[in-house]
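Residue numbering restarts at 1 for every chain, and letters A, B, ... go by the order of the sequence lines.
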There are 2 protein chains.
Amino acid sequence: MKEGPDIAQIGALIGDPARANMLAALTGGKALTATELAAVGGITLQTASAHLAKLEAGGLLLPRKQGRHRYFTLADETVARPIESMMGFAASRGHLRHQPGPKEPALRKARICYDHLAGDYGVRMLDSLVARGAIDAVGDGLALTAKGEETFQCIGINVADLKASRRPLCRSCLDWSERRAHLAGSLGKALLVNFFDKGWARRTAGSRSVIFSPEGERQFLALFPVETPVAA
Amino acid sequence: MKEGPDIAQIGALIGDPARANMLAALTGGKALTATELAAVGGITLQTASAHLAKLEAGGLLLPRKQGRHRYFTLADETVARPIESMMGFAASRGHLRHQPGPKEPALRKARICYDHLAGDYGVRMLDSLVARGAIDAVGDGLALTAKGEETFQCIGINVADLKASRRPLCRSCLDWSERRAHLAGSLGKALLVNFFDKGWARRTAGSRSVIFSPEGERQFLALFPVETPVAA
DNA sequence: TCCATACTTCGACCGTAGCCGAAGCATCTC
DNA sequence: GAGATGCTTCGGCTACGGTCGAAGTATGGA
């Protein structure tokens, strides 16, 4: 016994409902203030403050002071990964806590997963990129092809810049709603940022869902077609 | 709020030290009895029984009754994945709970990770396979090459059989002690089983470490060489 | 300077969950 | 059948952690 890393600590941190809600909200990749996090956790500000102190001490969160606000983000990708895989587990067991409201379908359609696009649209995008040979799905990983490099240049993404960073370019991320892979990594992030910049889509306040404008949706669907079977 | 899967439940289950120890022990892939798990958790049998009931109800464990014993295993790979990624996180933060004993070095050298080889030897094996072109490290994923298929046939692994299963052939798994990737997936499992069958290595009771016989070690190192720099 | 806002600290309350001793089933061995 | 072994259930104790009200500190704006 007593071998290996101590997983009980991080487990306990995630194990409280209020904290779990906060962390799940931060999976959206956006920095949130203590007050906002108190709201998503369904607790008062004092209690939230105590929780946030614990999460910070545990190395899960990074605080950033800005004026009289304190913004929190997930510390890095090694924090996001356990959370995502736990969501995958929970989804596979049907432990959903959905209050089936209008937001639910929107969330399944397109949402932010840490810093890239997930949901139906995220899966569709990757499928389409693979189908056209821009990305190779090889084994359980993903790789950019020469043809893909061209494609992304056209879209307006400078792949050379991304390659300079140490972060993996392509990474496959399991989607809890679709149970299929979507594109993560720096390329996944760059694509989402690109959509925002072009005004095709925007974030929603207080939710992880991504809303496409009518025009943006048209463009997106045209850019990432799916091969439809011939007959109806 | 209240969107997406409920991660608090699984977090709380992993969050108790006794349960975390049990789960970590089961990451070794071997089925363990309630009494054995009580020992690794450092608690009495009654308490362990209560914990195991909770883990089972939460869908983390699968019990199998055999005579007057009850054997427990992790339910499936979707359970092992969050645990492994949490170990990765904890290791990256230095949350080790090592009782530095004689077992520690052995554990870092070679151990079981769910069902495949991890530790220094696991990392070395993958490095060597990549260096000789048997496996392609592409993006963050892994893929078997044509040349590799030959190689594994020689070693005594029927790749065609593995391909028939739905489980991914190659998967990269982050090693918490080495902080580098080793080979998981059905191929990783097949290799480890192969070593056991050949008598090169064996499991140890009550630990996840893998012990190589002197002859087995010689063979293993010869089979998976590392390109050493020329000078001393 | 004065007030509003954002957040933290303190202190007290309370519920839950972990823990074990003792007793109760179930299964195997002889 | 008697006894040993593996495990579960019950009951009661205890402690820890989550919760909030109230008061305190920092920042920004008028």
Side-chain angles (χ1 to χ4, degrees), chain A residues 1-2 6-26 30-73 97 205-206, chain B residues 1-2 6-26 30-58 60-73 95 97 205-206:
Chain A
M1 59 203 95
K2 305 283 176 240
D6 178 21
I7 60 174
Q9 192 180 15
I10 175 176
L13 285 173
I14 303 178
D16 177 81
R19 286 195 294 256
N21 283 335
M22 293 177 172
L23 290 169
L26 287 170
K30 205 165 23 171
L32 299 175
T33 67
T35 306
E36 289 168 328
L37 288 168
V40 307
I43 47 179
T44 63
L45 191 52
Q46 311 92 285
T47 308
S49 185
H51 283 308
L52 291 169
K54 282 183 190 180
L55 290 172
E56 189 187 340
L60 300 201
L61 297 186
L62 279 184
R64 210 171 11 136
K65 191 143 195 172
Q66 208 164 95
R68 53 183 163 183
H69 297 274
R70 265 183 93 203
Y71 285 93
F72 291 87
T73 51
R97 45 172 181 132
Chain B
M1 58 203 99
K2 306 286 175 236
D6 178 20
I7 60 173
Q9 193 181 15
I10 174 176
L13 286 173
I14 302 179
D16 177 82
R19 286 195 294 258
N21 284 333
M22 293 176 172
L23 290 169
L26 288 170
K30 205 164 23 171
L32 299 174
T33 67
T35 305
E36 289 168 328
L37 289 168
V40 306
I43 47 178
T44 63
L45 191 52
Q46 312 91 287
T47 308
S49 184
H51 282 307
L52 291 170
K54 284 184 189 180
L55 289 172
E56 187 187 341
L60 301 200
L61 297 187
L62 280 184
R64 209 169 12 136
K65 191 142 194 172
Q66 210 165 93
R68 53 184 162 181
H69 296 274
R70 264 183 94 204
Y71 285 93
F72 291 88
T73 51
H95 295 163
R97 47 173 181 131

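- Of the candidate nucleotides C/dA17, D/dT8, C/dC7, D/dT8 has the atom lying nearest to any side-chain atom of B/S49.
- With sequence neighbours excluded, no residue forms a side chain to side chain donor-acceptor pair (under 3.5 Å) with B/T35.
- Listed nucleotides C/dG18, C/dC7, D/dC7 differ in distance to B/K54; the shortest reach to its side chain belongs to C/dG18.
- Scored by the side chain to side chain contact (heavy atoms under 4.5 Å, CB included) test, B/A25 finds B/L32, B/V40 as partners (sequence neighbours excluded).
- Rounding to whole angstrom units, CG of residue A/L52 and P of C/dT8 are separated by 7 Å.
- Residues meeting the side chain to side chain contact (heavy atoms under 4.5 Å, CB included) test with B/A31, sequence neighbours left out: B/R64, B/Y71, B/T73.
- Checked against side chain to side chain donor-acceptor pair (under 3.5 Å), A/S49 has no partners two or more places apart in sequence or in another chain.
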With the criterion being N/O to N/O and under 3.5 Å, what pairs connect the protein with nucleotides 27-30 of chain D, and how long is each?
none

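- The CG-P distance, from A/L37 to D/dG18, rounds to 16 Å in whole Å.
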Atom pairs, N/O to N/O, protein against nucleotides 19-21 of chain C, distance under 3.5 Å?
from, atom 1, to, atom 2, distance (Å)
C/dC19, OP2, B/H51, NE2, 2.6
C/dC20, OP2, B/T44, N, 3.4
C/dC20, OP2, B/T44, OG1, 3.2
C/dC20, OP2, B/T47, OG1, 2.9
C/dG21, N7, B/Q46, NE2, 2.5

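- For residues 36-45 of chain A, no residue pair satisfies the salt bridge (Lys or Arg N to Asp or Glu O under 4.0 Å) rule, not counting sequence neighbours.
- Rounded to a whole Å, the CG atom of B/L45 is 7 Å from the P atom of D/dT8.
- In this structure A/T47 satisfies the side chain to side chain donor-acceptor pair (under 3.5 Å) test together with A/T44, sequence neighbours excluded.
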Could you list the donor-acceptor pairs under 3.5 angstrom formed between side-chain atoms of residues 51-58 of chain B and any protein atom two or more places apart in sequence or on another chain?
from, atom 1, to, atom 2, distance (Å)
B/H51, ND1, B/R19, NH1, 3.0
B/E56, OE1, B/R70, NH2, 2.9

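- Here the C1' atom of nucleotide D/dT8 and the CG atom of B/L55 are 16 Å apart, to the nearest Å.
- Atom C1' of nucleotide C/dT27 and atom OH of B/Y71 are separated by 14 Å, given to the nearest angstrom.
- Here the closest non-hydrogen pair linking A/A20 and B/I7 is CB-CG1, 3.8 Å.
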